[in-house]
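Below is one structure, written out as structure tokens; the observations come after it.
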Amino acid sequence: MIITLDGPAGAGKSSTARALARRLGWFYMDTGAMYRAVTLVALERTMSLHDAEGLAALAESLAIAFRDGRVFVDDRDVSTEIRTEQITTATRSVADAPPVRDVMKRMQRSIAEGLDVVTEGRDQGSVVFPLAELKVFLTASPEERALRRHREEASRGTASSLDSVLAAQNRRDEGDRVRAVGAMKAADDAVLVETDGLTQDEVVERLVQLIEERRRPRSS
Ligand code: DC
């Protein structure tokens, strides 16, 4: 069974997807980490981030794998390196390249083959797994998302003002909405789950309920 979790940054997607996969004992696929991993190697090889075909060939040549909650590229653990601000910024260009998205789509389908998977990203329900048994679009209000990010930064000692976090987030959201490919949008048949005011456990509980509804044979 495949469950897709898409939505904007700050809606709590990653932590929810991870917690849900753990609860179900399923495989968790963090597709953002895959785009980040390609970007990391591209930067190490000083490739141009505008060379779409070159980046796609690079992506094709890499073995990206998830093991024990860590991300590996050609057997090298890159889980920490892919989380820097530099990689976050550069990944946007890489994820904008249609040939790269095409390679990633195939890679994601191949990783998920034959498994029970919770997959998380921007286009998982709309493009990569159109036949997923359950598609969820996780959202939260812009204010709530900005507040969460602000708190997260504060806990790392790098907080900017709440206003500037919100303004930067609005710019990113707009970029995500208007990008030519991989535009973030809910699949037509996705269930919208709004996480404002809900704890992590409550969100996971709601998703487990939705899964049970899907699994229950329909009475005629
Ligand atoms: O979720 P994240 O911050 O790790 O994602 C990193 C980048 O990759 C971000 O710019 C969005 C992009 N992305 C994407 O375009 N499609 C996906 N399925 C997942 C992530």
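Read the numbers this way: they start at 1 and go in the same order the structure lists the ligands and their atoms.
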Is there a polar contact between ligand 1 and [X], counting only N or O atoms under 3.5 Å apart?
| X | value |
| --- | --- |
| Asp30 | no |
| Glu120 | no |
| Asp123 | yes |
| Thr31 | yes |
| Lys13 | no |

Relative to Phe72, does Arg67 satisfy both conditions: NZ or CZ under 6.0 angstrom from the six-membered ring centre, and within 45 degrees of the ring's axis?
-> yes
Do the side chain of [X] and the main chain of [Y] share a donor and acceptor less than 3.5 angstrom apart?
| X | Y | result |
| --- | --- | --- |
| Asp196 | Ser141 | yes |
| His150 | Val165 | no |
| Lys135 | Pro130 | yes |

Quick check on contacts: which atoms of ligand 1 are under 4.0 angstrom from a heavy atom of [X]?
| X | value |
| --- | --- |
| Gln124 | 18 (N) |
| Arg36 | 2 (P), 3 (O), 4 (O), 6 (C) |
| Ala95 | 12 (C), 15 (O) |

Does the side chain of Thr88 come under 3.5 Å of the side chain of Arg36 through a donor N or O and an acceptor N or O?
-> yes
Establish, from distance only, whether the side-chain atoms of Ser161 and Asp163 form a donor-acceptor pair under 3.5 Å.
-> no
Between the candidates Arg92, Arg101, Arg122, which shows the shortest non-hydrogen contact distance to atom 15 (O) of ligand 1?
-> Arg101
Where's the contact between Met34 and ligand 1, heavy-atom distance under 4.0 Å: side chain, backbone, both or neither?
-> neither
Determine the minimum heavy-atom distance between Asp74 and Ser61, stating which atoms define it.
-> OD1-O, 4.4 Å
